[in-house]
There are 2 protein chains.
Amino acid sequence: MIDILSVIDHSDPRARRREAKRAQILAAAWTLAHRDGLAGISLRDLASMVELRQPSLYAYFDSKHALYDVMFEDGNRALVERAKALPPNANARAGVVDFARMLLDFCNEDGVRYVLMFQRHIPGFEPSPASYAIAIEFYEIGRQRLAAAGVTEQADMDLFTTLIAGIADQQMSNDPGGDRYLGLTDRIVAMFFAEMDKTHTGMKATKRKAAR
Amino acid sequence: MIDILSVIDHSDPRARRREAKRAQILAAAWTLAHRDGLAGISLRDLASMVELRQPSLYAYFDSKHALYDVMFEDGNRALVERAKALPPNANARAGVVDFARMLLDFCNEDGVRYVLMFQRHIPGFEPSPASYAIAIEFYEIGRQRLAAAGVTEQADMDLFTTLIAGIADQQMSNDPGGDRYLGLTDRIVAMFFAEMDKTHTGMKATKRKAAR
DNA sequence: GTCTATACATCGATAGAC
DNA sequence: GTCTATCGATGTATAGAC
């Protein structure tokens with residue numbers, strides 16, 4: 001796992017202190033985002049929460065967008081960690097279900113984080129290449145889980161992401177924190193694999209059985 | 001169709017002039033939203049586009065949120081109109097496909113309108129009961145199309161809306177204006193009806209055939 | 001690094017004259 | 001209804017002391 005701490009000299013108390021403050025600011029930013037919305041974060045409020053004056057924040061972040069970028073990275077790092085901690089499943093298709101459930105639970109845990117990571121409606125904000133790389137890392141893990149279940153074609157992967165995105169979107173929009181649409185996950189993934197069986201009949205039976 | 005103009009006295013030139021100005025402001029608001037994003041609408045820019053000073057806008061809208069509400073209503077009115085203009089289809093399932101395509105085309109036409117109507121990420125904005133009623137009217141038309149195809153259970157309707165929401169969400173987020181995910185529509189609706197056939201085997205064969 | 005102080009442009013919103 | 005003038009707040013940024 002890429003770890004931002006790995007590039008910090010822990011033997012230097014100044015560097016440790018600086019990183020602790022940075023983490024404190026990040027935590028406060030999430031708290032403010034939950035209270036006032038992502039766009040509603042005020043740098044003056046944020047500074048006061050961590051016992052700083054507003055201009056001092058610029059010693060840690062170049063701009064508000066840079067703060068969003070760190071939050072985006074933070075969220076993706078947490079998601080990658082969650083994905084890597086997901087135990088492997090001898091049944092590859094069941095492994096895809098595990099993966100889908102993990103992702104959807106993660107989204108449902110924190111609507112603000114979901115919006116930042118997956119909807120990204122903050123005007124003008126684009127993640128930096130560095131933080132976007134973490135998002136790609138997560139995508140890669142999902143790709144491997146699908147490949148293990150025999151799903152490798154782009155159109156099929158698009159189909160899968162579309163189905164999962166629908167669950168997340170409806171759950172977040174219409175029943176945030178609940179489980180009205182999350183409950184459809186197993187059914188929808190089963191529909192997906194039924195479709196795979198139907199469209200890939202040319203696939204070798206042994207390979208298809210192994211993927212199942 | 002509910003028509004806002006129906007409550008306006010057209011014989012009164014003052015009322016006519018006022019409503020014309022209101023419509024002019026609404027049109028300018030959409031133009032600005034396309035240029036600067038929904039949250040980026042500036043009341044000063046908006047006022048200057050319709051030859052007014054910024055405070056004068058408050059004679060037409062109580063607040064910026066009230067403007068969003070009128071835009072929300074405007075979008076839903078257009079969607080209901082589109083849905084009502086959709087020709088009936090003798091094949092009920094094909095009628096559902098028609099409906100899905102119509103909705104997805106409508107979303108894809110205007111990403112800003114889509115965000116306002118279906119994602120509603122504007123901090124603090126909630127549609128008024130009056131404008132929300134138009135959204136319900138559209139939902140009702142969709143419900144009838146599904147019912148004609150034999151889909152009446154809430155869980156099945158949730159499944160359908162989830163699938164369509166996924167298409168719209170992915171299309172808007174990852175290929176706005178294109179058709180990468182729209183192209184999955186027929187496949188996904190077919191998957192939906194295959195699932196209906198599978199889960200409702202207790203249904204009378206004649207009724208199922210008729211619904212198809 | 002952190003502070004005080006200040007500056008600028010922009011925003012939504014309001015008061016009050018006409 | 002429309003205006004001018006103004007308010008308080010925002011994000012952003014800089015200068016300069018310590």
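Since the model is a prediction, treat every value here as computed from it, not as a measurement. Residue numbering restarts at 1 for every chain, and letters A, B, ... go by the order of the sequence lines.
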Identify, with sequence neighbours excluded, every residue that meets salt bridge (charged side-chain N to carboxylate O under 4.0 Å, His left out) alongside A:Asp110.
none
Once salt bridge (charged side-chain N to carboxylate O under 4.0 Å, His left out) is applied, do any residues pair with A:Asp74, and if so which ones, sequence neighbours excluded?
none
Cut-off 3.5 Å, no hydrogens considered: what does the side-chain donor-acceptor table look like for residues 114-126 of chain A, sequence neighbours left out?
unit_1: A:Tyr114; atom_1: OH; unit_2: A:Gln119; atom_2: NE2; d: 2.8
unit_1: A:His121; atom_1: ND1; unit_2: B:His121; atom_2: ND1; d: 2.6

Set of residues satisfying salt bridge (charged side-chain N to carboxylate O under 4.0 Å, His left out) with respect to A:Glu140, sequence neighbours excluded:
A:Arg143
Side-chain polar contacts of residues 100-108 of chain A - donor-acceptor pairs under 3.5 angstrom, sequence neighbours left out - could you list them?
unit_1: A:Arg101; atom_1: NE; unit_2: A:Asp186; atom_2: OD1; d: 3.2
unit_1: A:Arg101; atom_1: NH2; unit_2: A:Asp186; atom_2: OD1; d: 3.0
unit_1: A:Arg101; atom_1: NH2; unit_2: A:Asp186; atom_2: OD2; d: 2.7
unit_1: A:Asn108; atom_1: OD1; unit_2: A:Gly177; atom_2: N; d: 3.1
unit_1: A:Asn108; atom_1: ND2; unit_2: A:Gly178; atom_2: O; d: 2.8

Contacts of A:Phe99 meeting ring pair (Phe, Tyr, Trp, His ring centres under 6.0 Å) (sequence neighbours excluded), chain-then-number -> A:Phe138
What side-chain donor-acceptor pairs closer than 3.5 Å can you find for residues 36-50 of chain A, not counting sequence neighbours?
unit_1: A:Ser42; atom_1: OG; unit_2: A:Arg44; atom_2: N; d: 3.2
unit_1: A:Ser42; atom_1: OG; unit_2: A:Asp45; atom_2: N; d: 3.2
unit_1: A:Ser48; atom_1: OG; unit_2: A:Asp45; atom_2: O; d: 3.0

Are B:Glu19 and B:Arg14 close enough that some pair of their side-chain heavy atoms sits under 4.5 Å apart?
no
Go through the steps to decide whether A:Arg145 and A:Leu86 satisfy the test side chain to side chain contact (heavy atoms under 4.5 Å, CB included), and finish with yes or no.
CA-CA 11 Å; A:Arg145 285 249 167 184; A:Leu86 197 65; 3.7 Å; yes
Pull out every residue in residues 60-67 of chain A that has a heavy atom closer than 4.0 Å to any atom of DNA chain D, ordered by number, or say none.
A:Asp62, A:Lys64
Examine distances only and state if a side-chain atom of B:Asp179 and a backbone atom of B:Leu182 form a donor-acceptor pair shorter than 3.5 Å.
no
Expected list for residues 25-37 of chain A near DNA chain D, using heavy atoms below 4.0 Å, is none
Please, which pairs that meet ring-ring contact (aromatic ring centres under 6.0 Å, His included) have at least one residue in residues 143-196 of chain B, sequence neighbours excluded?
B:Phe160-B:Phe192
Can you name the closest pair of heavy atoms from B:Ala92 and B:Ala148 and give their distance?
CB-O, 3.3 Å
Enumerate the residues from residues 41-59 of chain B whose closest heavy atom to DNA chain C is under 4.0 Å, giving them by residue number; use none for an empty result.
B:Ile41, B:Ser42, B:Leu43, B:Arg44, B:Gln54, B:Pro55, B:Tyr58
Outermost nucleotides of DNA chain D that come under 4.0 Å of a non-hydrogen atom of chain A:
D:dT10 to D:dT14
